J.: 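The structure's right below; bear with me while I get my questions together.
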Amino acid sequence: MSPLFNRLFRRRPPGKPAAQAKNGNRRQDAARPVHSFDELKQIKLSSSLNANLDVLESILGQNDDLVVRRFRLGVAGQAGAAVVYINGMVQTDTINSAILKPLMLESRMAGFASAGGDLLELVRDCALCVSGSSDAPDMGKVVDGVLYGNVALMVDGEDTALIMDMKGWETRGISEPPSEVLVRGPREGFTEALRTNTSMIRRRLRSPNLVLESLNVGRVSHTEVVIAYINGTADPDLVSEVKRRLRRIDIDGVLESGYLEEFIEDSPYSPFPQVLHTERPDRVAAALLEGRVAIFTDGTPFVMIVPATIISFLQSPEDYFERYFLGTAIRLLRYIALASSLLLPSLYIAVTTFHQEMIPTRLLISLAAAREGVPFPALVEAFLMEFTFEALREAGIRLPRAVGQAVSIVGALVIGQAAVQAGVVSPLMVIVVAITGISSFASPVFNLAITMRLLRFPMMLLAGTLGLFGVMAGILIILIHMAGLRSFGAPYLAPLAPFHPGDMKDVAVRAPWWAMRRRPAETGKLNPHRQPPGQKPSPPGREGRGGGQW
Amino acid sequence: MVNRRVKITLTAFVLLTLAVSQPGCWDYREVERLGIVLATGVDTAPGGKVKVVVQTIVPSALVRGAGGMGMGAPGFSGVKAYRNRVVEGHTISEALRDLSRQTPRQLFFAHDQVVILSESLARQGVKEVMDYFERSIQVRRTPWLLVARADPVTLLDLPGRVEVTPASRIFNILNERNSVSRYAVQRLGDFMEMMESGSTHPFTAVIDMVPNPASPEEHTKKMPEGHVAEPRENMRINGTAVFRRDRLAGWLDSRESRGLLWVRSQVRGGVIEVPLPEEKDKKAALEILRSKTRLQPEIREGRVLMTAKIKTEANLAETTGPLDLTRPETVAGLERLLAEAVRGEVEAALAKAQQEYRVDVFGFGEAVHRKYPRQWKTMKKEWEDMFPAVQVRVQVESKIRRSGMITNPVEPGQR
């Protein structure tokens, strides 16, 4: 705990018992004992059904949505049994038809033997029509299973319970990912359901080498986190590092992958995102093929991809789906847009207030004419407009969709127009701010655009105080910082610095698929060859010349 | 202790902010605070002083309507878009600084497009004036340098309708220099370089004020409201001024000016007239497309022999007499005539420069220097005397490329 935290605690009024710093959620209460899974794991099941149910009721009994259904099985109904589940998280119909019906009716007709010790085995192997089931010898597993939408079956005289997968809660259907829309490409996006998400990756990469390993994070939320990678392509060191960082996390709840991101990123003080997150399964599949590792978090459609480099934030899946000319051109456009979203206002300020000799004469005259009567210095003017723009954008995002668009467009137009007419800002500044705004929307990942938005303001200050010298200094500081960043061991500026000439096929341009023969150098070391050479298509009869054979 | 680290970080941040912001801003100036100078004129004044004319733009006069909405056509508001200010002083800098007692704006010379020197100043010598222009951090090497035979003050206030300011009018006239090639203009920097070089003497174009034949004879006649009569005077670039080092040596007319340009390989266009072979008083106009000149010096018995190999191409632009262009001989004949005309122009320029002014404006010295670097060391001191005696051989290789939309001359009733 940090000293700051301690001081906050010390300031609490005396007399009121402070919640314990350790295990923050554990408040002693006589009426409602607080349980932890570690503790529950210690409680072994007994062979008495009633005893087991009593224990279970003492743990979960206060919940109205807990269903305990007792029944008897066997020819004469000699063995007592019970199914336990949480209402709303399971498929009740299936429980009735696949568990209760065979056990209560069909077992009687089939003349179930009442051999004591083997009863559970017999039930499991011969009567239950449920595919996913496992044995639970302790209360911890039972409670965990029941809370995750499974059904626990306990039989009198058995010290093991059966946990059966009956998950059946309502989920959002698969829809187009709203934050990453493409013109050409799959329209599926991840949902909040973890298994739906992993299944989308399985469907795309039907390889026995695709590994999905899961672990639980969060003391209270017990969130399932899945690490996905392709065995033989992803660097084992990277995989174990991802696991190590995830296992280290001790937090009460994980509600979004962002919680994890802040625990596992390399430089927590950097403004640059070091983990790529996406809603698109195609993007995750592509990253896995490059040897990266994906981290799925239950309850959020955002999947994290590591390691992430600055270039990966500027690649859109569409680059790879459209023909490569278009991909290359759009990528260049995006680089320019990125630079201008960071630099345009500061360059404008620097050039108009310090380096007027750099402006073409006619433009300078128009500038001077436009700024005639504007009461603020260019720096203040820029801050004013940028602030207005950012506020409008924020308002536009948070408002209901239909209203939001109207607000942003009308607001920008009206304010821009009125401000110019009133002579508060110059029309050129409005243009600059507008171009900057548009440029920042051109980033395919929202993450990096936010960073650029943030860095724009210190850059503007530097430009307003030191001119182009300040802008250059700012650029250098940012570059030096980026050169020192790492994302899970991969240099952030790779493949530019360290320079991997082979990777330029996917950085400077988007090479056609038949030319992308190698995986990226940083992540694909283990299995560098993506495809054999010589696949460039050529007209029939001319295969010998252009390629075709190799 | 984290507290200490926080303290150190905060202190560093504050210090850094101060370090950046305090020395910053010293050369900060807003665009609208600048008096953007587009033209400068320098003249002599009594008492060894110089008279400086400065033309600054009035940006607000360029804005259409009120409230700063949109940029209209230049000078749209009908208000004169420039101001001229005249000031005298012993030095240009002192004179200009003194101007800030009259102008609300800080004069900004980085966009100066034209520098005009008066004839009297040019005769007196320009090196004192050039010191300012060369030393100034704001003035570039790019403004055009002109010698005015008229008063620079009047010249810089000649009313124009197309361009907003006389400065941009001059600038744009000079931008069209390649469609006539009738004057040899220099940028300020090039002029200064030539002035300081040991061999080549500087030259630049001359600007004149000429009566405007388009001006109505009776200005007093009643005009419809809003009508502005053509002004009485026009400005015109009129030949070339030749300097001996920094002093005006004399003029080259437009024909001799092009001769100079031919030798310096700077003819990029223009029309050249040749007499037709059959009828001498009828002319053909040839449009020059491109030209290239190579100077080949040779030293023979201590004397310099210069060969100027001029290659030029032209189109037939017009003919006022009969020409049968279907016959190759006619074309060959035209090519010979073109070569003759070019040689005539070059020789006119050579005669003026070698015999009358005795200054090497052609760059012959440089050519010798390049080819005979060792001999040049001794020759350099005598070059002033050697130059008039340089024998120049002009070899012209001319080509006629096309004849325009028609081949043979227009002949009524022949089809």
Side-chain angles (χ1 to χ4, degrees), chain A residues 1-7 269 348-381 417-430 458 461-470 473-474 477, chain B residues 1-4 6 9 16-38 56-72 74 76-77 81-82 105-106 108-113 137-140 142-143 164-165 167-168 171:
Chain A
M1 284 297 144
S2 74
L4 186 75
F5 220 74
N6 284 336
R7 270 168 64 184
Y269 292 129
Y348 176 82
I349 293 170
V351 167
T352 55
T353 54
F354 287 94
H355 312 282
Q356 289 92 351
E357 62 278 354
M358 285 181 68
I359 313 173
T361 307
R362 274 165 182 269
L363 183 60
L364 177 71
I365 293 169
S366 324
L367 258 174
R371 275 200 51 83
E372 198 80 46
V374 174
F376 305 113
L379 179 64
V380 176
E381 194 190 359
Q417 182 95 350
V420 169
Q421 249 168 357
V424 181
V425 294
S426 62
L428 256 126
M429 183 55 82
V430 177
L461 271 179
L462 279 174
T465 49
L466 296 176
L468 278 185
F469 176 75
I477 290 170
Chain B
M1 276 294 280
V2 172
N3 275 342
R4 223 182 116 200
V6 168
T9 319
L16 200 73
T17 314
L18 286 175
V20 166
S21 60
Q22 291 315 296
C25 303
W26 65 270
D27 57 345
Y28 165 92
R29 54 188 177 211
E30 291 287 348
V31 194
E32 73 273 16
R33 301 295 313 144
L34 298 178
I36 302 160
V37 176
L38 289 187
T56 53
I57 195 111
V58 182
S60 56
L62 296 172
V63 182
R64 186 203 302 241
M69 272 306 293
M71 288 292 303
F76 203 82
S77 56
Y82 62 93
R105 305 267 161 107
Q106 180 190 341
F108 186 62
F109 282 88
H111 287 274
D112 205 353
Q113 291 176 330
I137 24 172
Q138 280 188 352
V139 179
R140 302 181 187 213
T142 50
V164 200
T165 59
S168 53
F171 181 77

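None of the values given here were measured: they were computed from a predicted structure.
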J.: Could you tell me which portion of B:Phe109 (side chain, backbone, both or neither) has an atom closer than 4.5 angstrom to a non-hydrogen atom of chain A?
T.: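 Answer is neither: B:Phe109 stays 4.5 Å or more from chain A.
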J.: If you take all heavy atoms of A:Val424 and A:Pro375, which pair is closest and at what distance?
T.: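 Result for this residue pair: O-CD, 3.8 Å.
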J.: Which bit of A:Leu461 is near chain B, if near means a heavy-atom gap under 4.5 Å: side chain, backbone, both or neither?
T.: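 Neither part.
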J.: Under 4.5 Å, counting heavy-atom pairs only, tell me which of B:Arg33, B:His111, B:Gln113, B:Glu32 racks up the most with chain A.
T.: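 Greatest number of close heavy-atom pairs with chain A: B:His111.
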J.: Applying salt bridge (Lys or Arg N to Asp or Glu O under 4.0 Å), name anything that partners B:Arg29, two or more places apart in sequence or on another chain.
T.: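 Scan of B:Arg29 (salt bridge (Lys or Arg N to Asp or Glu O under 4.0 Å), adjacent residues dropped) gives A:Glu357.
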J.: Apply side chain to side chain donor-acceptor pair (under 3.5 Å) to B:Arg140 and list each qualifying residue two or more places apart in sequence or on a separate chain.
T.: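 None.
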J.: Heavy-atom count check: over 12 atoms from other residues, nucleotides or ligands less than 6.0 Å from B:Ile137 CD1?
T.: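 No, the 6.0 Å shell around CD1 holds no more than 12 heavy atoms from other groups.
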